[in-house]
Amino acid sequence: MTLLENFWVLVALKALVIAAVVPLTALVLGYAELKISAHMQSRIGPYFAGGRWGWAQLIADGLKFFQKEDIIPDRADKAVFKMAPALVLMSTVALFVVIPFSPSLRVRDLDLGIFYVLAISSVSTIGVLMAGWSSGNKYSLMGGLRAAGQLIAYELPLVLAVVGAVIQAGTMSLNGIVEAQAAWGIPFVIPQFLGFVIFLIAVLAELTRIPFDMPIAESELVMGYVTEYSGFRFLFFFLAEYANMFAMSAIAATVFLGGYWAPGLSDAQLQYLGPIILVAKVFLLVFLFIWFRWTFPRLREDQLQSFAWKWLVPLSVLNIIATGIFKVVF
Amino acid sequence: MAILPGAGLLKGMKVTLKTLFTRPVTVNYPKVKEIPVPRARGVIALDQDACTVCMLCARSCPDWCIYIEGHKEEKQPDKPGGRVRVRATLDRFDIDYALCMYCGICVEVCPFDALFWTPEYEYSEGAMGDLMHDMDRLQDWLATVPEPPAVES
Amino acid sequence: MVIDHDQVRHLSEVAVSVELETPEMTLNIGPQHPSTHGVLRLVATVDGERVFDVKPVIGYMHRGYEKLAEVRTYPQITALINRIDWVSGYANEIPFIVAAERLMEIEVPERAQYIRLILTEMARIASHLVFNASYPLELGAATPLFFALRERERVLDLIEGVTGGRFHPNFNRIGGVKPNAGGGPTQRKVSQDLPKGFFEETRAAMERVLSVCDELEDLVAGNEIILARTKGIGVLPVEVGAAYGVSGPNLRASGVPFDLRRIESYLPYDRFDFDVVTAQNGDCWDRWWVRLEEIRQAARIVIQAIDGIPSGPLQAKVPRVIKVPQGEVYVRAENPKGEMGYHLISEGGQGPYRLKIRSASYSNISILPHILEGVLVPDIIAIMGSLDFVLGDVDR
Ligand code: SF4
Ligand code: SF4
């Protein structure tokens with residue numbers, strides 16, 4: 001018990017847990033994507049690895065990446081090239097810090113929780129830009145620049161979309177937002193439906209998933225900013241992509257779907273059921289993302305920009321105004 | 001046309017969701033195998049006894065990937081007083097499957113019905129040179145030749 | 001203060017030239033790139049995402065078929081030429097065989113003509129399904145590809161059931177179709193007529209093809225993103241298309257009802273009821289839609305043909321060693337990609353003296369520099385994909 005009270009031991013323990021959780025979520029979500037996409041396309045998908053349903057497919061893939069040669073192009077800016085995947089993964093890991101899994105199960109409850117999330121999540125774009133810039137490849141460069149353009153376009157609706165929820169909750173702490181929803185008795189998705197939709201669209205753009213995967217765009221830019229990466233550096237990007245998907249879905253679930261809270265459960269029950277409820281909600285959102293990805297084509301960069309500036313930003317501002325009036329009047 | 005913005009997107013999502021709950025059409029290859037049609041051109045089988053070393057197949061092959069060598073053999077008559085027959089015997093009959101383009105001309109031109117298609121396809125090799133099948137290997141394929149399908153008239 | 005107007009103007013000019021200047025960049029797309037359909041290379045001059053100029057570089061897949069044909073006999077050439085446009089292998093054989101038959105003045109039996117027609121239309125379905133499915137993939141949607149390939153597999157199975165080959169049937173013979181081949185160890189050569197059950201299976205397959213067309217329409221046609229990506233993109237004006245020799249669905253999408261099935265008589269198309277599908281705008285979307293409609297029309301032709309197929313021999317009487325009399329003939333046919341023609345010159349030998357191949361894709365991609373001027377980088381892929389070319393057909 002005394003050991004657990006030591007600050008540094010606790011920090012190390014929490015870091016260790018997150019270090020284990022991040023690849024785990026990436027594995028689970030990656031596997032879900034493989035399987036669901038396969039069945040949406042009348043295929044079976046992975047089948048042999050691990051003996052049953054190919055559950056070990058991604059573990060095998062991961063091991064394969066470790067065996068591969070780490071190729072660094074001759075014309076690459078070596079230091080930046082090496083650092084970029086780490087930066088991308090780091091920002092993802094940092095996101096996990098504030099996600100409340102139950103009333104007490106979280107690494108840290110920041111007062112500015114949601115603000116922290118939005119700030120940190122854009123750091124990964126800097127990593128993407130670094131990767132694109134340093135690869136010494138025109139496709140990578142274009143991918144990186146597209147990612148940067150996308151970030152600027154979508155950061156604004158992302159922030160504005162949560163403002164509505166924040167106004168309603170009266171706090172920026174993620175835990176506080178969940179508690180506000182519990183106090184209300186309904187998740188914010190109902191009063192803040194517009195905000196929720198805008199947030200989801202912006203998250204899709206932030207995650208560079210179809211229909212907004214222009215920075216990768218296999219058919220145009222080969223693989224965009226990851227074109228030159230191989231081996232475990234590529235694995236970093238891969239892990240970051242799925243872990244990021246989990247984290248952003250968790251944020252969306254927390255802010256709009258009530259997070260770990262479910263109606264009719266007491267506080268004590270939430271203590272241990274909370275993580276399950278949250279993960280279930282996350283999977284719901286992830287399924288939606290996967291579903292989008294395997295149904296839609298991608299937009300063009302300029303169409304995305306005009307969509308963001310002409311529709312999402314005004315709509316989210318409208319949402320804020322409406323929420324503000326609502327809050328003041330009632 | 002769509003009445004609501006996004007109605008087309010929803011329609012597409014309905015299609016993928018429906019497929020998600022239908023049976024996949026692919027099979028897991030090494031465990032489950034699809035049976036090729038009887039006429040499928042998988043690999044060529046050779047009936048050594050029927051072949052008369054006429055070389056017609058080797059000459060009509062568009063990329064000349066059949067290699068034939070043979071010699072004449074005298075066959076002593078069964079009963080004394082009979083004629084001595086000369087019979088051509090194969091020494092070598094190789095088909096280089098690395099070069100073959102599976103056109104089927106050799107099978108078609110053979111005047112003595114010594115060549116047949118079989119739908120077998122599992123003979124890939126790690127090295128290109130191993131794709132050269134000699135006459136014994138080609139003879140082995142003979143057991144896999146299927147019955148020809150009935151035809152519509 | 002006295003204003004020096006000259007200087008004011010000068011300053012404003014400075015301000016203009018200070019505007020961010022971005023150098024042009026040469027972007028080399030291909031020869032190895034996910035969406036150049038093999039080994040096409042495009043040298044694009046771009047400024048950011050804007051394309052100034054595109055130069056297609058072809059020839060990476062040149063296999064010299066015209067020269068190869070000069071040193072081969074007629075039956076051997078049939079086996080080679082179905083590799084030109086491998087997506088619709090069967091359709092490639094027809095014009096060549098018809099050219100040789102015209103020089104030899106052979107009357108092809110009815111049944112053989114019908115079988116040719118059925119298989120050609122099936123090849124068209126297979127080819128268009130590949131296009132209609134892979135085009136959304138170039139725009140980023142992977143799923144339609146699998147739906148269409150699923151049904152194409154049935155069509156290919158049918159082709160394989162008849163000919164023995166899925167992509168390279170090599171089923172046409174001068175004077176008809178392959179009459180017989182090795183049967184089995186106990187048998188002499190057996191007839192290669194349509195296998196039993198072919199008609200029912202075909203009917204079922206055509207129904208599936210029609211239903212996957214509906215599915216594709218649901219998945220793609222109403223999709224706002226696809227429409228935004230394709231409508232008004234890559235418009236091909238009729239005059240330009242005609243000047244470059246564009247043919248097939250690409251030209252029909254621009255509104256020209258030019259269909260060799262109606263004009264030429266290489267197969268008995270005049271006995272069938274089908275529409276020549278045209279569209280008005282000539283953009284990427286219209287090219288996609290025209291091909292989808294053509295699948296439906298092709299299925300219609302196939303159904304009519306299996307209903308009306310006469311019985312009879314599969315091949316006319318031809319000499320054992322085929323020699324084509326001296327002469328010169330050009331036969332063109334409506335292939336899935338457009339007009340495919342063979343100019344055959346014979347000196348009376350067992351093989352042609354010269355065989356000139358006019359392939360559709362070659363002419364179709366020659367308009368790339370014209371319609372890619374001034375578009376955005378993602379549109380290069382969208383437009384290139386919508387022209388539906390196969391590199392084997394371009395380089396031969
Ligand atoms: S199938 Fe064609 S290429 Fe192959 S061996 Fe026979 S004739 Fe030659
Ligand atoms: S054509 Fe037939 S008989 Fe003649 S060599 Fe070839 S396999 Fe033997």
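We name chains A, B, ... by the order of the sequence lines, and we start the count at 1 in each one. Basis for what follows: all heavy atoms, side chains included, without hydrogens, waters or symmetry-related copies.
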For C:Gln76 versus B:Ser60, what's the shortest heavy-atom pair and its separation? NE2-O, 2.6 Å

Whether the side chain of C:Arg166 engages the backbone of B:Ala40 through a donor-acceptor N/O pair (distance < 3.5 Å, no angle test) should be reported. no

Within 6.0 Å of CE in B:Met128, more than 12 heavy atoms from elsewhere: no

Would you say that more than 12 heavy atoms from the other residues, nucleotides or ligands in this model lie under 6.0 Å from the CD of C:Glu207, or not? no

How far apart are the closest heavy atoms of C:Ala79 and B:Met101, and which atoms are they? CB-CE, 3.4 Å

For B:Arg39 and C:Val162, the nearest pair of non-hydrogen atoms, with its separation, is NH1-O, 2.8 Å

Take B:Ile105 and C:Asn170 through the test side-chain contact (heavy atoms from CB on, under 4.5 Å) and record every step on the way to the result. CA-CA 9 Å; B:Ile105 289 177; C:Asn170 187 25; 4.2 Å; yes

Which answer fits C:Ile309, side chain, backbone, both or neither, if we ask what part of it has an atom under 4.5 Å from a heavy atom of chain B? neither

